[in-house]
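Written out below as structure tokens is the structure these notes cover.
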Amino acid sequence: MNLMYNSTRNATLRVTASQAILKGLADDGGLFVPETIPQLEASLEELAGMSYQETAYAVMKQFLTDYTEEELKDCISRAYDEKFDTREIAPLHEAGGAYYLELFHGATIAFKDMALSILPHLMTTAARKNQEQHEIVILTATSGDTGKAALAGFADVPGTRIIVFYPKNGVSPVQEKQMVTQKGANTCVIGIHGNFDDAQTGVKKLFSDRELALELAEKGFCFSSANSINIGRLVPQIVYYVYAYGRLLDKKVIAAGEPMNVVVPTGNFGNILAAFYAKQMGLPIGKLICASNENKVLYDFFRTGTYDRNREFVLTSSPSMDILISSNLERLIYHAAGKDAEKNAGLMRELTETGHYQVKDEMRDAMRDFSGGYATEEQTFAEIRRVYSECGYVLDTHTAVASSVYHTSYAQACGDVPAVIASTASPYKFARSVMAAIDGAADEKDDFALIEDLHRIAGTQIPRAIEEIRTAPVLHDTVIEKDEMKAAVRRFLISEGGTEK
Ligand SMILES: *Cc1c(COP(=O)(O)O)cnc(C)c1O
């Protein structure tokens, strides 16, 4: 029997996993959630001996039940291959008594690669299974990391095209260079004069433009989303928590059945929600520690039961966590409300209309596995400095937020239970902040000089993703006004037949 998926805003809506992946978001604006959380079939002892790919199959087959074994294994082997710079895919690195789960060894050196390297394969397989005749067009607005990871994932995947809009002056030089040098005839990268919100609003408009949808359907295209609310991004993220548990067993840090805690630098709440699902599957996880930067909406929520986005938006050195509306939290709210779609929809409406909502004690009780913490900019920089000076290990700014929260507020109380800290980006991606934290003066140097400095002090290899963009030719140089996005999409898909360079 297939595991079905409901919308968090309408429990009578039921679709298969592959349909949920194809659609991305439910028509009522809700997120797809599994009707029940399946249990892990593999025993905990077995996990110790399993490769990343084997673990991925063991987890994903429980959730994506309408995919055949052959289909899933094919998706997994195409995703987790030499694109990663280590065969372990997600190595666990011990430093200073904590275990850093390095999720940045993929093509774009941030944790988005863990899901976005498999999503294109899950999606094209889903299209085949559901007799979707149209070519899938992924539309994305990005503030940096997601765009490049989606481009890398979808480049040259047959049956797909991808169009990414980014704010011309709103991403870091490394992030921009990563995107505009993207190869693949099915890729299109466009800068817009405007900020991230303008790009995001423009993309939402394109998604709901019926005239455009009809015109494109006639030409054989349909839109889909690689956004983090797609269940096809969430399920692959459960895998690495199960894998981390296996590594701890293998290293004899714990015995089968003993718990680990996880600490996750959080923005949109996708990564930590995957850890929650892993726990629901039967993985012995104790605490789920949700770490925020100065945009500490989630910390306040877990502490008080009130979610309130009416506050100043702070730009920090961990930009991928600068978020005031954590979209994936909706899945936890739905779960905590006892799968009451109406109640959840009401709270979400309140959030849209007033910017806040409050949950009652019984709902807070259902979320008791979670606890929060936050780190200021000063604490984040101090943590990078501390871990480097004590262990010689260099953290990126996002990981440092989590590490700071753990060591400041939890380490002592957690005793012998090992902490797995999700390490979400390579320090090379944020070399300017990292070098500023470690040796103070970074202002007068360019990004590549700082990368060289980092290489010297860290003694780690400069990732291929960085080496490649140093010399790679710029292939995308289109920059448009924000009201020209529709015309740009039509040009790429219809006039140029997808060979835009
Ligand atoms: C996206 C991202 C995060 C936040 O992850 P969520 O799943 O959105 O909570 C943290 N760190 C880095 C480096 C990211 O790219």
Side-chain angles (χ1 to χ4, degrees), residues 86 88 90-105 109-111 240-241 243-255 258-266 271-272 275 285-293 299 317-318 321 371-431 433-440 453-461 463:
T86 162
E88 289 182 86
L92 197 60
H93 182 101
E94 195 273 331
Y99 293 85
Y100 294 88
L101 180 60
E102 296 185 349
L103 305 173
F104 54 75
H105 289 272
I109 58 178
F111 102 96
Y240 45 75
Y241 292 106
Y243 182 69
Y245 192 85
R247 299 285 67 71
L248 287 176
L249 286 177
D250 192 44
K251 290 174 199 274
K252 310 248 184 303
V253 177
I254 50 175
E258 289 176 355
M260 66 179 189
N261 294 321
V262 302
V263 193
V264 186
T266 297
N271 200 357
I272 195 164
I285 294 179
K287 287 183 195 308
L288 299 157
I289 300 167
C290 174
S292 301
N293 64 22
Y299 166 75
S317 61
S318 44
M321 298 160 66
S371 44
Y374 75 99
T376 63
E377 286 290 271
E378 213 170 61
Q379 289 174 312
T380 305
F381 278 53
E383 182 67 358
I384 293 175
R385 216 160 29 240
R386 183 191 72 80
V387 176
Y388 175 66
S389 71
E390 288 176 15
C391 315
Y393 183 58
V394 183
L395 307 178
D396 96 288
T397 45
H398 303 76
T399 309
V401 166
S403 187
S404 168
V405 164
Y406 176 68
H407 287 286
T408 311
S409 312
Y410 290 95
Q412 238 171 359
C414 287
D416 286 344
V417 179
V420 169
I421 298 175
S423 184
T424 51
S426 159
Y428 286 98
K429 198 155 190 176
F430 298 93
S433 300
V434 170
M435 288 311 294
I438 292 176
D439 80 356
D453 289 351
L454 178 53
H455 168 61
R456 260 192 306 278
I457 66 137
T460 51
Q461 206 163 353

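Looking at every heavy atom in both residues, Pro259 comes nearest to Ile254 through O-CG2, 4.0 Å. Between Ala244 and Val420, the shortest heavy-atom distance links the atoms CB-CG1, 4.3 Å. Here the closest non-hydrogen pair linking Ala458 and Val394 is CB-CG2, 3.7 Å. In this structure, Met321 and Ala291 approach most closely via the heavy-atom pair CE-O, 3.5 Å. Minimum interatomic distance between Ala400 and Ile384 (heavy atoms only, all atoms of both residues): CB-CG1, 3.5 Å. Shortest non-hydrogen contact noted between Ala422 and Leu103 is CB-CD1, 4.2 Å.
With a 6.0 Å cutoff to the six-membered ring centre and a 45° limit on the axis angle, Arg247 counts as a cation-pi contact of Tyr243.
Looking at Tyr428 and Val434, their side chains never come closer than 4.5 Å, going by heavy atoms from C-beta outward. Side chains of Leu248 and Glu258 form no contact here, defined as non-hydrogen atoms less than 4.5 Å apart. Side-chain contact between Ile457 and Tyr388 is present, with at least one heavy-atom pair separated by less than 4.5 Å. Contact of the Tyr241 side chain with the Val264 side chain is registered, since non-hydrogen atoms from C-beta on lie closer than 4.5 Å.
Under a cut-off of 6.0 angstrom, the local environment of CD in Gln461 is sparse, with at most 12 non-hydrogen atoms contributed by other residues, nucleotides or ligands.
Below 30°, between 30° and 60°, or above 60°: for Tyr393 and His93 the angle between ring planes is below 30°, a parallel geometry.
A distance-only check finds a donor-acceptor pair linking the side chain of Thr397 to the backbone of Ser317 [under 3.5 Å]. Between the side chain of Glu378 and the backbone N or O of Phe381, no donor-acceptor pair lies under 3.5 Å. Proximity of a side-chain donor or acceptor of Ser371 to a complementary backbone N or O of Ile289 within less than 3.5 Å is not detected.
Distance check, rounded to the nearest 0.5 Å: OG of Ser404 to OH of Tyr374 gives 10.5 Å. If you take OG1 on Thr424 and CD1 on Ile109, they are separated by 12.0 Å, rounding to the nearest 0.5 Å.
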Worksheet entry | Stepwise side chain to side chain contact (heavy atoms under 4.5 Å, CB included) check, Glu102 with Leu92 | CA-CA 6 Å; Glu102 296 185 349; Leu92 197 60; over 6 Å; no
Worksheet entry | Phe104 vs Thr399, side chain to side chain contact (heavy atoms under 4.5 Å, CB included): CA-CA, chis, key distance, verdict | CA-CA 11 Å; Phe104 54 75; Thr399 309; 5.7 Å; no
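Side-chain polar atoms of Asn271 and Tyr240 form a donor-acceptor pair below 3.5 angstrom. Defined by atom type and a distance below 3.5 Å, a donor-acceptor pair is present between the side-chain atoms of Ser403 and Glu383.
With Pro427 as the partner, the side-chain contact (heavy atoms from CB on, under 4.5 Å) test is satisfied by one option alone out of Ile438, Leu454, Thr460: Leu454.
Sorted by first and then second residue, the pairs that involve residues 388-404 and meet salt bridge (Lys or Arg N to Asp or Glu O under 4.0 Å), not counting sequence neighbours, are Arg386-Glu390. Pairs passing the ring pair (Phe, Tyr, Trp, His ring centres under 6.0 Å) check and including a residue from residues 394-427, sequence neighbours excluded, read His398-Phe430.
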